[in-house]
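Below is one structure, written out as structure tokens; the observations come after it.
Numbered from 1 within each chain, the chains take letters A, B, ... in sequence-line order.
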Amino acid sequence: MHRWSQLFIPTLREAPADAEVASHKLLVRAGYIRQLGAGIYSFLFLGNRSTQKIMGIVREEMDKIGQEFYLPALNPREVWEESGRWTVMGDNMFRLKDRKGADLCLGMTHEEVMTDIARKELRSYKQLPQIWYQIQTKFRDEPRPKAGLLRVRQFIMKDAYSFDIDADGLDVSYQKHHDTYCRIFDRCGLKYMVIDAHSGAMGGSKSQEFMVRTPAGEDLVVSCEKCNYAANMEKAVSKLAPVEDLKPEGDGSPLEVHTPGQKTIEDVARFLGVSPKNKIKTLAMMITEQDAKTGKSHPRAVVLLMRGDHQMNEAKLSSAVGGKETRPMEEAEIRELFHSPAGYLGPLGIDWAKSMNDATKPILLVDKALEGRVNLIGGANKEDYHVKHLTPGKNFHPTAYVDLRSVTAGEECPNCGAPLRIDTAVEIGHIFKLGYEYSESMGARVLDRNGKEVAPIMGSYGIGIERILTAAIEQNNDANGFWLSPSIAPFDVVVVSTNPKDEKIRAVSEDIAKQLESSGYDVLLDDRDERPGVKFKDADLVGIPFRINVGKKVTEDTVEFVQRSTLQSSDVKISAITEYFRGLRPTAS
RNA sequence: CGGGACGUAGCGCAGCCUGGUAGCGCACUUGCUUGGGGUGCAAGGGGUCGCGAGUUCAAAUCUCGCCGUCCCGACCA
């Protein structure tokens, strides 16, 4: 049994001035953590107990599908050089030299080291599949650590790696992780979403993120009010309400109209008396491409057509152009391609590439929302003129129709039609089908059943341990403190002796604490010589889900049982306390 | 890395503009008091004013440099 009077639980009445988000303020106030430097935190007694419990759950669930390893955080340069990430990781990687001057780094993740083990040890398909995981400290020199434990430079991660003989095997390993992650986060008492994540530039690989809604989050997530549809902004799609196309005038062939000084979508729409939904928004961008033969890089125009009232999503654009960086065209580049000033740009009169590989010509990407639309209005590539009767596929030929549009809140869910919402969220887990990237770059090979040498296919899977704690606090807090699920709280229950000077109260508090402890619960006995008000405030602050107040009612053999989340209290007979508690928290840890 | 703010006792802050004895609340120590939502009284302890240089008879205060922390942005396998 733990006696508060003998513990170090430095609670604070006020939060440090530089804490902004709720979880940061409360973790410090509750005496869970103290800051050592930017993005570097010490865990004190309560904080450590809580993260240990989280790791316990992770370990228990992961042991059902994999094997726990423990890899070094200190890594030699060579393995990172082999994967190419010694360079790729840039300033995000902490680097150091040993006494001989050899380069080392602190591990940000462990694909390299795991793959190194795999390539040295795995020889046959008979040894596959393998799932190897570890719970270990990671180091990342974040450009901007922030928000307490939310973005830090040293943190604990459960990272796992799967090795399979083929894609079907990877599907199984991936699904196992998906299901295990759901069990882990359920057991931690989190409300979370599983979202389809940006699959990366190379395409094909599936990736999902486990996200928790919180105002402190750094990522935007689109989710459905009703069903379980959820995706990040780079992937999110929505159903669009049908738009009525304009009727053609005359023979319906492209018709220039004089629009003096009308440059913006709104201006033109108003001037012509149409909705922006019938207008084409033309965005002129540039990418840098490398010539496949010469290796020389040269700029290439990418023109986007969107519905007039839609916003372009840069991540979607980026994946549409193969992950290349894009930038807006400069004035001179616009004139060279369109022979027109900005404000009057359109798709007519330009010889667009027929495919992305048609490298000599500019690319025309048309948003899917314009596919099948007719009689749109766009720029005429001529100052003060626009063109009516533009129909994609008829008057001009897109290189491709792609989804380029940012979803906005309130649009319809693609699955069920209910309104979509957009929230900030924090990522607590990520599962990823890696493919052959590391097994190939680092030369891992096994023999398949035909005796042929093949690279094993990999997956990688991560959980941020501290982020589980942070997210849980973000989800469950009020002005006085926070409450954790008993599974991850430092203690199941705090027994408050409201008056330690009263012998009966003191003795009953001890008894109850002992009794609950012998029933397998983690009990904190607040035996401090403090006023009840102080103890109640502290109890409310530190995240323990249940409290037992031992007070005057001991003369009636009764104590108060308080649930932190609701602050509801009920009187319980002392003799029935263990049984009562078991009803609330059946699985003693 | 760009923009902004801050750095004075463990925590939260005032003092700086207009240079001259370093202050308040909480916390801490001792004694008494109180005992169901941060009790009251009294007496105490604790500060290289982030670091360095400069100006000055004199610098927490003015000037310059550096360091650190936070916020916004960029970045984020």
Side-chain angles (χ1 to χ4, degrees), chain A residues 8 10-21 24-25 28-31 34-41 80 83-93 105 107-112 138-148 150-153 155 157 159 161 197-202 205 207 209 216-219 232 234 314-315 323 325 327 426-427 430 432 434 437-438 441 460-462 464 479-481 496-506 526 528-541 547-554 559-560 562 567 569 571:
Chain A
F8 181 64
T11 59
L12 261 31
R13 213 186 268 230
E14 284 169 296
D18 52 17
E20 296 267 319
V21 306
H24 184 197
K25 290 180 188 172
V28 175
R29 283 191 58 206
R34 288 294 184 261
Q35 184 172 25
L36 182 62
I40 312 175
Y41 286 87
W80 289 86
S83 70
R85 292 207 290 185
W86 180 262
T87 310
V88 170
M89 290 305 194
D91 286 341
N92 266 16
M93 181 181 259
C105 66
M108 310 173 64
T109 171
H110 279 74
E111 280 83 4
E112 280 80 358
K138 301 286 187 252
F139 298 87
R140 297 179 188 187
D141 193 1
E142 292 289 342
R144 187 146 95 83
K146 58 191 272 202
L150 226 45
R151 183 163 288 275
V152 288
R153 296 194 291 173
F155 59 97
M157 182 189 246
D159 49 321
Y161 307 86
H198 195 43
S199 61
M202 299 306 136
S205 299
S207 164
E209 292 172 342
E218 299 179 282
D219 301 312
N232 64 21
E234 305 148 30
E314 283 186 35
E325 210 169 292
R327 63 169 173 86
V426 57
E427 180 185 347
H430 195 167
F432 193 79
L434 273 181
E437 199 179 335
Y438 295 91
S441 65
S460 97
Y461 318 89
N480 289 322
V496 175
S497 163
T498 58
N499 186 351
K501 296 256 163 70
D502 181 317
E503 184 48 34
K504 172 105 180 163
I505 288 175
R506 197 199 58 77
D526 192 350
R528 292 175 296 169
D529 184 14
E530 289 285 356
R531 309 214 358 134
V534 174
K535 295 185 174 189
F536 295 157
K537 288 284 186 194
D538 272 345
D540 285 351
L541 176 60
R547 183 171 97 214
I548 294 170
N549 293 335
V550 182
K552 290 181 182 126
K553 290 177 207 157
V554 286
V559 292
E560 270 169 19
V562 184
L567 292 176
S569 84
D571 289 349

Open item on the list: Distance criterion of 3.5 Å, no angle test: do you see the side chain of A:R528 paired donor-to-acceptor with the base of B:rG35?
Closed with: no

TODO: In whole angstrom, give me the gap between the C1' atoms of B:rU18 and B:rA59.
DONE: 14 Å

Open item on the list: Going by purine N1 to pyrimidine N3 plus the second Watson-Crick contact, or the G-U wobble pair, all under 3.5 Å, which nucleotide sits opposite B:rC28?
Closed with: B:rG44

Task: Options B:rG35, B:rG38, B:rG73, nucleotide nearest the side-chain atoms of A:P532 - done: B:rG35

Open item on the list: Between A:H110 and A:K138, is there a side-chain donor-acceptor contact under 3.5 Å, judged purely by atom types and distance?
Closed with: yes

- [ ] Taking atom P in both B:rA14 and B:rC24, compute the distance separating them and give it to the nearest angstrom.
- [x] 16 Å

Open item on the list: Could you tell me how far B:rC66 sits from B:rG73 if I compare only their C1' atoms? Round to whole Å.
Closed with: 25 Å

Task: Inter-residue atom distance A:M89.CE - A:T109.OG1, 0.5 Å rounding - done: 6.5 Å

Open item on the list: Would the base of B:rG35 count as contacting A:D502 through its side chain, where contact means a donor and an acceptor less than 3.5 Å apart?
Closed with: no

Open item on the list: Return a single string for nucleotides 24-32 of chain B, one symbol per nucleotide in 5' to 3' order, where B is base contact, S is sugar-phosphate-only contact and - is none, cutoff 4.0 angstrom on heavy atoms.
Closed with: -BSS-----

TODO: Could you please name the option among B:rG37, B:rC76, B:rG73 that lies closest to any side-chain atom of A:N92?
DONE: B:rC76

Task: A:R29 side chain, from C-beta outward: closest of B:rG35, B:rG38, B:rC72 - done: B:rG38

TODO: Kindly say whether, by distance alone, the side chain of A:K501 makes a donor-acceptor pair under 3.5 Å with the base of B:rG35?
DONE: yes

- [ ] Establish, with yes or no, whether the OP1 or OP2 oxygen of B:rU34 is under 4.0 angstrom from a side-chain nitrogen or oxygen of A:R531.
- [x] no

TODO: Determine, for nucleotides 45-51 of chain B in 5'-to-3' order, which nucleotides have protein heavy atoms under 4.0 Å from the base (write B), from only the sugar-phosphate (write S), or from neither (write -).
DONE: -------

Open item on the list: Under 4.0 Å between a side-chain nitrogen and a carboxylate oxygen: does that hold for A:K504 and A:D502?
Closed with: no

Task: Euclidean distance for P, B:rC1 against B:rU48 (whole angstrom) - done: 32 Å

Task: Nucleotide paired to B:rC1 in any strand shown, Watson-Crick or G-U, under 3.5 Å - done: B:rG73

Open item on the list: Given B:rC76, B:rC71, B:rG35, identify the nucleotide with an atom nearest to the side chain of A:R144.
Closed with: B:rC71

Open item on the list: Does the structure show a Watson-Crick or G-U wobble partner for B:rC66, both distances under 3.5 Å? Name it, or say none.
Closed with: B:rG50

Task: Phosphate OP1/OP2 of B:rG36 contacted by A:K552 side-chain N/O (<4.0 Å) - done: yes

Open item on the list: In whole Å, measure the gap between the P atoms of B:rG44 and B:rG35 for me.
Closed with: 28 Å

- [ ] Using heavy atoms to find the nearest nucleotide of RNA chain B for A:E20 and A:P16 separately, return the residue whose nucleotide is more 5′.
- [x] A:P16

- [ ] Taking atom P in both B:rU63 and B:rA27, compute the distance separating them and give it to the nearest angstrom.
- [x] 38 Å

Task: Distance-only donor-acceptor test, A:D529 side-chain atoms vs B:rG35 base atoms, 3.5 Å - done: yes

Task: A:Y41 vs A:A17, nearer the 5' end of RNA chain B by closest nucleotide - done: A:A17

Task: Rounded distance in Å between the P positions of B:rC41 and B:rU34 - done: 14 Å

Task: Inter-nucleotide C1' distance (B:rG68, B:rC26), Å rounded - done: 26 Å

